[in-house]
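The next block holds one structure in the form of structure tokens; read it before the comments.
Quantities reported herein were computed from a predicted structural model and do not represent experimental measurements.
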Amino acid sequence: MEATTTTGDDIFILTSKGGRERRKATDIRPHDFRQSGFLAASELRRIRQRQEQFVRSLAARLAMFLRLEFTLQLSKIYIETYQKFIEGLSNPAYITLFKTNPLKGACLLVIPPRLALTLVDRLLGGPGQMPSDNRDLTDIEVALSDQTSMLMLAEWCNHWPEMRDLHPSILGHENNSKFLQTSPPETSMLILTVQGTIAEQSETFQMVFPYSTVEPLMRLINPTLPTDAAQSRATKTQWNAGFDEVKVPITAEWQGLKMSAGDITRLKAGDLITLDPACAAQVLVRFGNIPKFLGRPGTSDAKWAVQLTAPITT
């Protein structure tokens with residue numbers, strides 16, 4: 001609709017069919033067409049389903065990492081301008097600036113200091129009780145908290161198997177939102193609000209992404225209509241029952257371990273190899289020599305097992 005003239009509290013508009021209608025001025029909402037951050041209802045549904053899977057998986061990983069029950073629930077997912085979001089943050093704040101390579105743009109992980117201090121307390125062997133007040137984290141506490149932050153960010157990246165090389169890196173930290181200048185004020189931001197409960201106390205943290213950062217991911221999960229040729233191939237493809245009993249070797253392996261050649265030559269039976277927590281909690285499952293799934297190691301009926309968490313598409 002296009003507004004033309006106004007009369008008192010009414011306004012004349014031109015409709016998409018070329019007609020003129022009188023509407024109340026209060027019915028007209030401003031829209032900034034410079035903003036590309038718009039999600040249709042179907043897109044918002046798809047991304048919410050993906051993020052709910054991420055939150056459930058993250059809750060299990062944090063509980064295992066902290067050895068303490070830690071429940072998470074996706075409270076809200078929405079789009080808001082960068083300036084409006086920053087103005088709504090309280091101070092002091094514990095804000096981690098990060099990047100999801102190879103995507104562009106600086107993203108934010110906003111954790112209330114009380115929750116961050118609780119996680120640090122647990123990492124140091126404490127009971128994980130939330131302090132009564134918010135305060136800035138010390139440099140040592142920030143370094144310890146980064147372990148949990150990297151676990152969160154790595155788990156988020158793992159839930160986008162369509163982009164296999166997606167991985168996070170921390171750019172820095174900030175404790176006052178007034179000094180943040182990671183995006184222009186009118187930039188559309190995709191905001192995930194997650195409620196975490198630990199030791200019967202709850203706090204809410206947020207993951208904030210410029211819409212331009214996640215837009216390539218949105219294109220990957222949008223369904224595309226198959227071509228006629230693809231539909232024809234799909235109808236002709238049938239499973240050969242003669243392969244039902246063929247044995248396919250399945251292997252589960254860790255990736256990302258690196259050692260110097262000198263250290264490898266000195267390895268002997270009984271030596272311990274330290275695994276990064278984020279690496280140890282994720283394995284690559286191969287059928288034959290082809291990677292098919294990402295999984296989480298564990299046990300089932302007193303036997304080692306791997307829970308499949310996400311498919312790998314090629």
Side-chain angles (χ1 to χ4, degrees), residues 54 56-70 96 98-103 109 116 119-126 128 137-173 246-314:
F54 153 68
R56 288 194 296 268
S57 179
L58 177 62
R61 288 196 61 182
L62 285 174
M64 183 170 58
F65 181 64
L66 299 170
R67 300 186 304 280
L68 185 69
E69 184 178 0
F70 193 6
T96 300
F98 68 95
K99 190 175 185 299
T100 50
N101 301 295
L103 300 177
L109 174 61
L119 299 177
V120 169
D121 176 70
R122 183 59 183 171
L123 289 175
L124 293 174
L137 277 67
T138 66
D139 291 343
I140 294 178
E141 290 168 338
V142 168
L144 289 170
S145 183
D146 277 350
Q147 298 181 31
T148 307
S149 298
M150 278 300 294
L151 187 148
M152 293 179 176
L153 303 179
E155 187 66 21
W156 187 86
C157 291
N158 290 341
H159 276 72
W160 296 96
E162 296 86 356
M163 186 171 287
R164 294 183 56 189
D165 295 331
L166 194 63
H167 62 279
S169 59
I170 292 179
L171 304 177
H173 305 86
V246 174
K247 304 296 183 182
V248 179
I250 300 177
T251 58
E253 62 186 44
W254 280 299
Q255 290 189 324
L257 301 178
K258 293 183 180 180
M259 297 181 65
S260 66
D263 289 339
I264 293 176
T265 61
R266 291 187 289 271
L267 287 176
K268 61 182 182 298
D271 286 350
L272 296 178
I273 299 178
T274 303
L275 300 178
D276 180 82
C279 173
Q282 177 178 301
V283 297
L284 180 69
V285 180
R286 295 179 181 269
F287 292 175
N289 292 323
I290 302 176
K292 284 293 185 181
F293 289 93
L294 297 174
R296 184 184 302 109
T299 58
S300 176
D301 296 331
K303 296 181 180 179
W304 286 104
V306 175
Q307 181 184 27
L308 303 182
T309 57
I312 296 177
T313 57
T314 58

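- The two atoms that bring P291 and L284 nearest to each other are CB-CD1, 3.8 Å, heavy atoms only.
- For the residue pair W304 and G298, the shortest heavy atom distance occurs at CE3-O, 3.4 Å.
- Crowding of D271 atom CG: a count of heavy atoms from other residues, nucleotides or ligands under 6.0 Å exceeding 12.
- Note that CZ of F98 and CG of L109 are 6.0 Å apart. Values are rounded to the nearest 0.5 Å.
- Separation of atoms CG (L153) and OG1 (T148) is listed at 10.5 Å; rounding is to 0.5 Å.
- Side-chain contact between W156 and T100 is present, with at least one heavy-atom pair separated by less than 4.5 Å.
- In this structure, CG in L103 is found 10.0 Å from NE2 in H167, a value given to the nearest 0.5 Å.
- Judged by distance alone, with hydrogens and angles left aside, the side-chain atoms of S149 form a donor-acceptor pair with the main-chain N or O of S145 at under 3.5 Å.
- Considering only heavy atoms from C-beta on, N158 stays 4.5 Å or farther from T309 through its side chain.
- Between the CG atom of L267 and the CE atom of M259 there is a distance of 4.0 Å, given to the nearest 0.5 Å.
- The shortest distance between side-chain heavy atoms of L58 and H159 does not fall below 4.5 Å.
- Between E141 atom CD and L119 atom CG the span is 11.5 Å, to the nearest 0.5 Å.
- Using modelled atom types, no side-chain atom of R67 and backbone atom of R122 make a donor-acceptor pair closer than 3.5 Å.
- Of all heavy-atom pairs between A63 and F70, the closest is CB-N, 4.2 Å.
- The two residues F65 and Q147 have their closest heavy-atom pair at CZ-OE1, 4.0 Å.
- If you take CG on L308 and CZ on R296, they are separated by 10.5 Å, rounding to the nearest 0.5 Å.
- Atom CD1 of I140 is surrounded by 12 or fewer heavy atoms from other residues, nucleotides or ligands within 6.0 Å.
- Side-chain contact check for M152 versus P168: every heavy-atom pair is 4.5 Å or farther apart.
- Using a 4.5 Å cut-off on side-chain heavy atoms (C-beta onward), I312 and K292 make no contact.
- With hydrogens and angles ignored, the 3.5 Å screen pairs a side-chain donor or acceptor of T265 with a backbone N or O of G262.
- Between D165 and P102, the shortest heavy-atom contact is O-CD, 3.9 Å.
- D146 places no side-chain N or O within 3.5 Å of a backbone atom of A143 that could act as its donor or acceptor partner.
- For the residue pair V306 and A252, the shortest heavy atom distance occurs at CG2-CB, 4.0 Å.
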